[in-house]
**Student:** 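Let me give you the structure first, and then I'll get to my questions.
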Amino acid sequence: MDLHGLNDKQQEVVRTTEGPVLVLAGAGSGKTRALTHRIAYLIEEKGVRPWNILAITFTNKAAGEMRERVIDLLPSGGDQVWVATFHATCVRILRRYGELLGYERSFSIYDTDDQKTLMRQVMKTLELDPKMYKERSLLAAVSDAKNRMVSPEQMAIDASGDYRRMRYAEAYAEYQVQLKKNNAMDFDDLLVKTVELFQNCPEVLAEYQEKFRYILVDEYQDTNGVQFRLVKLLSEKYRNVCVVGDDDQSIYKFRGADIRNILDFEDAFPGATVIRLEQNYRSTGSILDAANHVIANNEDRKAKRLWTENETGAKVRMVSYDTAQEEAEGIVRMMENAVSRGIPLRECAVLYRTNAQSRALEERCVTRSLPYRLVGGVNFYQRKEIKDILAYLRTVANGLDDISVLRILNVPKRGIGQTTQAKVAEFAQQEELSFYDALCEAEAIPGLGKAAAKLDAFVSLIERFRVEAEEIPIADVIDMVLEESGYQKELEETEDDTTVQSRLENIEELKSKAEEYESEAGDDADLAGFLEDIALVADVDRMDDSEERLTLMTLHSAKGLEFTKVVISGMEDGLFPSFQSINDVEHPEQLEEERRLAYVGITRAKKELTLTMARTRMVNGETRYGAESRFVAEIPENLLEREDKSTLYRPQRERRDLYQTPPRRASKWDAYADYGKGSLPYQGGGSPFGKDVSQLFELGRSAKKAAPAPAVIDYHAGDRVRHTKFGDGTVLSMEDGPHDTEVTVEFDRVGIKKMMAGFAKLRKIED
DNA sequence: GGGCCTCAAGTTTTT
DNA sequence: CTTGAGGCCC
């Protein structure tokens, strides 16, 4: 096997096939290359049979790519390697052996929305006051417990009499009971139940231990407690486990990822070989330098020194704008410019901290007709019509899935309202039936009256779908649902034309996904498999990167990807790093995670990196003000090329008093009002965000009044004025706003600009 | 049982 | 600003 394309360390990764191996792979160090060669090497040089290898990746996309590359490296057999995510791996195992845990083969996988619905039910049963207990935090506690493999019983014991914690434990217990009743698992369960399966059924564990003689885990820094258990259990017999990760790129703590898995690997797997991949092949010297400087501010990390032989390249650009709209506009122009310089658009990406930021960018792309692809965001599968159709399919596939049955029972309207539902639910509980089974016995339910016939009709509808679903393609089942349930008819009657059209288009899209699935899965294709595919496949996984489009996505989604040109937008304190991470003094490690996220973002760039910020930004209908992200200050100035395209007032240290005046009205942001006064390292520009900008303008004005030379608006439409940055121009119009006058000026050099008179520092000039 | 209206909350990140 | 949930009235 030809390993000449690999450096010494990479070759070591390939050749150290036996025993536990920890590969500390820095960003862009060619770890995928090393891993794929390792797999090929095992098969070709060591005679390992492909099906004895398990490779776990973080996303399905990564899995697909890895499989492709292994196939390319080998004359044959590459497709026999088991490459999948943890979740997909577990589902495959549970579909096969889940019955040993009392689940039916066709169990449903509940997504976040389903979890919420279920938890709301739990809260009702337990009479938990929604004011006191938020389903969000209950679910977070449940997930956290599962990640640590803590059972409801254990949680109750740990609560040691603390009333609130006891209630949490009860909710957890009831939640599990209901999941089970629905023959459903949430994402965490997929992992937890697999571990349970292995613990309860040693013969099953033995089978998989025997099967998976060589195990590889990518992105190991983002594994959680359960995933660690899984790896540990599976590798116990042959101990050939190779994990690859970078503690500096651990960005999923909020999801339960435990960085200690990588930091303590050598303790968990004694005798492990540790290999460091520190040569970066991806980025220019400047970009890598910037990344190294930022991440160096983290305390809790394995020291490493990433280096490169690549050219130094251009400096990192930092551009500031007034508003998110202007920022978006500027970014889109930058991308157009990049294309004109010969960089393919598919090699360009805009990364941001929150999905909400994508909107302004999208709008700009549309108006300037720049093709783009949005990764993530409002998920396709979360759309109402898609969820409705999927609920039908899930009901067909899994009759115990009450959440789905309840969703569609009266969609479209069948005259089955709350009262009827309540009666059925009561009956179901008495008779210990699932909701659907109770529906089947409608005649036996007391006090239903005419509703019983309606329930009957619903049941026979579903039963008909069930019979057909065995025979016809899934896309046809969807058509059947649309027509025979009356769903489409109601949709057309109640919604306006444009929404009907877009909803039907979405459903068409779902149908083509079904067809895609069926052609890929071949004979194994069934409804449960399709639904599972949908549940486990993330948005990035579907990203088609062959098209010439600009990619828009969150920093999280960008993990593992690379682009020639990267723009990270929204570099504002309070946005990135997020408020939560700045303010949570109890958990300083949160800020370190944000910094790792910045590191991940920076290291995605191959040739060009630009950071942008907007001084004001609309969030939840409020305009908020932001200071430059502290992460920018962590990049040495000599690596930066700054450009300020903003006109707004910039806060200075001596003006901090402006921000400490109590807000005019109570708002949820009050909690942040004290920010900046504390002992945090950041003491600069005053409160980032957190205030209504109009208030800021007002404060600014009152400050000006006190100042020796207050700004006087002595110009009118038609006058010539001078701006400190934009030069001379003609006032086009002036409009009084609630707090200030908005002036529109056509500048000779930079064109038309709108600005607030109070801050624009315009001076009337005679010409 | 259904439809309309008002009000509140929300978003940090995702398999 | 949006969306979802709950309340009220028909």
Side-chain angles (χ1 to χ4, degrees), chain A residues 56-63 84-91 109-113 115-117 120 130-131 134-136 140 143 146-147 185-191 219 222-224 226-227 250-257 351-360 375-379 381-384 410-422 449-451 454 490 494 532 534-541 553-559 570 574-584 590-591 593-594 596-598 600-601 617-623 667-669:
Chain A
I56 303 242
T57 56
F58 195 68
T59 64
N60 294 286
K61 183 178 158 62
T85 63
F86 269 110
H87 294 268
T89 301
C90 289
V91 171
I109 300 168
Y110 277 3
D111 67 16
T112 324
D113 285 341
Q115 286 181 282
K116 278 189 199 150
T117 314
R120 249 176 263 132
K131 288 218 164 52
K134 292 261 168 282
E135 88 217 5
R136 229 179 116 75
S143 178
K146 287 181 181 177
N147 286 165
M185 299 192 202
D186 63 18
F187 283 124
D188 296 318
D189 273 351
L190 296 176
L191 308 169
E219 307 283 6
D222 281 320
T223 52
N224 62 29
V226 199
Q227 290 166 336
S250 159
I251 54 174
Y252 282 99
K253 177 135 199 264
F254 73 93
R255 206 170 81 188
L351 312 181
Y352 36 79
R353 180 65 236 270
T354 67
N355 277 307
Q357 291 167 253
S358 69
R359 195 159 154 178
V375 178
V378 193
N379 199 315
Y381 295 104
Q382 285 175 353
R383 285 169 208 195
K384 191 173 167 294
N410 204 27
V411 179
K413 303 260 160 3
R414 301 189 172 88
I416 306 172
Q418 277 174 21
T419 332
T420 311
Q421 286 184 24
K450 276 196 292 186
K454 295 173 181 167
E490 189 183 78
T494 48
E532 160 193 322
I534 282 172
L536 297 181
V537 171
D539 234 41
V540 238
D541 299 333
M553 65 179 152
T554 62
L555 288 151
H556 280 88
S557 298
K559 191 168 84 158
L575 182 62
F576 185 35
S578 71
F579 268 134
Q580 293 84 339
S581 64
I582 294 171
N583 283 299
D584 199 336
Q590 280 194 33
L591 191 62
E593 176 139 323
E594 295 279 310
R596 290 193 291 270
L597 198 51
V600 167
R617 189 179 291 275
M618 288 279 270
V619 178
N620 296 357
E622 265 183 322
T623 307
S667 88
K668 60 180 164 179
W669 300 106

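In what follows, chains carry the letters A, B, and so on, assigned in the order in which the sequence lines appear, proteins first and then strands, with residues in each chain numbered from 1.
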**Student:** Select from R353(A) and T112(A) the residue whose nearest nucleotide in DNA chain B is closer to the 5' end of that strand.
**Tutor:** R353(A)
**Student:** Specify the residue among R414(A) and T354(A) whose closest nucleotide of DNA chain B lies further upstream toward the 5′ end.
**Tutor:** R414(A)
**Student:** Categorize Y252(A) for me: base, sugar-phosphate, or nothing, with a 4.0 angstrom heavy-atom threshold over every strand shown.
**Tutor:** sugar-phosphate
**Student:** Would you classify R596(A) as touching base, sugar-phosphate or nothing, given that sugar-phosphate means primed atoms plus P, OP1 and OP2, and contacts are heavy atoms under 4.0 Å?
**Tutor:** nothing
**Student:** Tell me: NZ of K413(A) to P of dC4(B), nearest whole Å?
**Tutor:** 10 Å
**Student:** Students often get this wrong, so: under 4.0 angstrom with heavy atoms, is T420(A) touching a base, only sugar-phosphate, or nothing?
**Tutor:** sugar-phosphate
**Student:** What does D188(A) touch in the nucleic acid at a heavy-atom separation under 4.0 angstrom: a base, only the sugar-phosphate, or nothing?
**Tutor:** nothing
**Student:** Determine whether the aromatic ring centres of H556(A) and F254(A) lie less than 6.0 Å apart.
**Tutor:** yes
**Student:** Can you confirm whether L536(A) sits close enough to V91(A) that some side-chain heavy atom of one is under 4.5 Å from a side-chain heavy atom of the other?
**Tutor:** yes
**Student:** Could you check if a side-chain atom of Q590(A) sits within less than 4.5 angstrom of a side-chain atom of K253(A), using non-hydrogen atoms only?
**Tutor:** no
**Student:** Provide the distance between the two C1' atoms, one in dT13(B) and one in dG4(C), to the nearest whole Å.
**Tutor:** 23 Å
**Student:** With the stacking rule set at 5.5 Å and 30°, tell me whether F58(A) counts as stacking on dT15(B).
**Tutor:** no
**Student:** Using a heavy-atom cut-off of under 4.0 Å over every strand shown, decide if E594(A) touches base, sugar-phosphate, or nothing.
**Tutor:** base
**Student:** Quick one: how far along DNA chain C does chain A reach, first to last nucleotide 5' to 3', anything under 4.0 Å to a heavy atom?
**Tutor:** dC1(C) to dA5(C)
**Student:** Could you measure between the two C1' atoms, the one in dT11(B) and the one in dG6(C), and give it in whole Å?
**Tutor:** 23 Å
